[in-house]
2 protein chains.
Amino acid sequence: MTKSVPVVFIVDDASSVRKALERLVRSAGFNVETFASGEEFLQRKHHKGPSCLVLDVRLPGLSGIELQKKLVQENISVPIIFITGHGDIPMSVRAMKNGAVDFLPKPFDGKELLTAIERAIEKAVRIRQNETERARIERLLKTLTPREYEVLRWAITGMLNKQIAYRLKITERTVKAHRGCIMEKMQVESVADLVRITQKCGIIPAEK
Amino acid sequence: MTKSVPVVFIVDDASSVRKALERLVRSAGFNVETFASGEEFLQRKHHKGPSCLVLDVRLPGLSGIELQKKLVQENISVPIIFITGHGDIPMSVRAMKNGAVDFLPKPFDGKELLTAIERAIEKAVRIRQNETERARIERLLKTLTPREYEVLRWAITGMLNKQIAYRLKITERTVKAHRGCIMEKMQVESVADLVRITQKCGIIPAEK
DNA sequence: CCCCATATTGAACCAAAGTACAATTTACAC
DNA sequence: GTGTAAATTGTACTTTGGTTCAATATGGGG
């Protein structure tokens, strides 16, 4: 498992800005990819490794704010640092409410941007770890049969086998059978682990 | 259990602003308390029910931003809506990074403020529910003896009694005794519940 | 019609959890 | 020293969890 190098995406319509920022960010040791518009950025297929986005607010076509909204809607979680020459407070507040990491009015100090990028990359790493783990669990969940899933939802409430059996109108023996399969398929060895992993992907425990 | 009425705290050094805002907010059905400075607000003892804070950025003495920082440091979680006549983008961004709900430059529409207040109160309710539950759990945790706490940290890993016994160099019988006390003191009936509640207040499971 | 995944159940058995009686020791406060 | 909370352990017992043999039924898909 080689450690992937963080990538910083830069979206700005002014090529001079793109070049200057690219030079700055590269000098700090990041990989960089630049785009002249939001549409261009969207066409690129998602990056697997940790990455963040330095985004101009004002862009021809899709604006920076609109791009942010689109990314949020499509559940594409890449931390965003806004830069702008003609921003105002309501705009910056809206951007931050939507989860932006930072919002820098031009002209800004290069160091400021790099600090923001580091924070953004750290956030990206955290997000990625969560998503990876979550994806793993959901992959395992899909191998469960409908009935097993049902039993799982009861099992994580801490209910006894006989109680679950009563709820599902089946015998305790059957519940045991399902539980055995569940534990194996979910690759856990205790109910405690089962509770923990199911919490990570929003499984609703059955109601007592 | 009577439902407590939300309170909106208003901190502004200009009495005309305080009066105008108070009238506006009261007309929307909230209780209001006004303060002329951050120090004044801090002296008031904490409100039990849901509340939020409408805070002027520029204040004599303790500034709004400083007050926010102080509240964050002291872990006093009251959602803040900033208002300001002379703010800039970096200021608004810093405020939002520190958890502000909104940041409104004057002049603003009264409706805007009321919308923000509603969001802030909703947030306060959520926070309060969490804190209440968390406080309950921590109260129960304090009744555990040091040894019981230790056993708890192992138990929520899903480890068998005999395995825990081995780790702690005691007999399985002793572990059972501790577990019994733990379950009673924590007012739960299953390991599943134990795992869930301990997750809510950051108990670190012992390392396998 | 047969295969297969799914769901269900049985008997017997062992391991683990938990409880009802306990008793003993240790350390610390008064 | 005495009292108290905490920690530890024992024996015997019941309940629950889980596995190893299974077998049976059901409902498509080929």
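Here is the naming used below: chain letters follow the sequence lines, and residue numbers restart at 1 for every chain.
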(message) Rounded to whole Å, how long is the line connecting atom NZ of A/K185 with atom C1' of D/dG18?
(response) 17 Å
(message) Does A/I156 form a side-chain contact (heavy atoms from CB on, under 4.5 Å) with A/V191? I'd like the steps, not just the answer.
(response) CA-CA 7 Å; A/I156 57 178; A/V191 193; 5.6 Å; no
(request) Compare side-chain N and O positions of B/T145 against OP1 and OP2 of D/dA7 and report whether any pair is under 4.0 Å apart. (result) yes
(message) Just the rounded figure in Å: distance from P of C/dA7 to CD of A/E150.
(response) 11 Å
(message) Whole angstroms only, please: what is the CD1-C1' distance between A/I164 and C/dT9?
(response) 17 Å
(request) For the residue pair B/I10 and B/E33, establish whether any side-chain heavy-atom pair is separated by less than 4.5 Å. (result) no
(request) Assign the ring pair B/F9 / B/F41 to parallel, tilted or perpendicular, where the plane angle (0 to 90°) is split at 30° and 60°. (result) perpendicular
(message) In this structure, how many angstroms lie between the P atom of C/dG18 and the CE atom of B/M183, rounded?
(response) 6 Å
(request) Please determine if a side-chain N or O atom of B/N161 lies less than 4.0 Å away from the OP1 or OP2 oxygen of C/dA17. (result) yes
(request) Nearest whole angstrom, please: distance from the P of C/dA16 to the CG of A/L160. (result) 19 Å
(message) Could you tell me how far apart B/E184 (CD) and C/dT19 (C1') are, to the nearest whole angstrom?
(response) 12 Å
(message) Protein within reach of the bases, or only the backbone? For nucleotides 8-13 of chain D, mark each nucleotide 5' to 3' as B, S or -, using heavy atoms under 4.0 Å.
(response) SBBB--
(request) Five pairs at each end of the helix from C/dC1-D/dG30 to C/dC30-D/dG1: take the axis at both ends and give me the angle between them to 10°. (result) 30°
(message) Out of the candidates A/L113, A/V8, A/V32, only one should pair with A/L21 under the side-chain contact (heavy atoms from CB on, under 4.5 Å) rule; please name it.
(response) A/L113
(request) Identify, between B/T143 and A/R179, the residue whose nearest nucleotide on DNA chain D lies closer to the 5' end. (result) B/T143
(request) Mind checking the CG-CZ spacing from B/L24 to B/F30? Nearest 0.5 Å is all I need. (result) 10.0 Å
(request) Give the rounded distance in Å between these two atoms: CG of B/L144 and C1' of D/dA5. (result) 14 Å
(message) Quick check for you: to the nearest 0.5 Å, what is the distance between A/E118 atom CD and A/T115 atom OG1?
(response) 6.5 Å
(message) Nearest 0.5 angstrom please: A/T84 OG1 to A/M91 CE, how far?
(response) 6.0 Å
(message) Nearest 0.5 angstrom please: B/I80 CD1 to B/N98 CG, how far?
(response) 9.0 Å
(message) I need the CH2-P distance between B/W154 and C/dA17, as an integer number of Å.
(response) 15 Å
(request) In sequence, state the C-alpha distance, the side-chain angles, and the governing distance for B/K97 and A/D102, and then conclude on salt bridge (Lys or Arg N to Asp or Glu O under 4.0 Å). (result) CA-CA 8 Å; B/K97 277 188 194 170; A/D102 217 328; 2.8 Å; yes
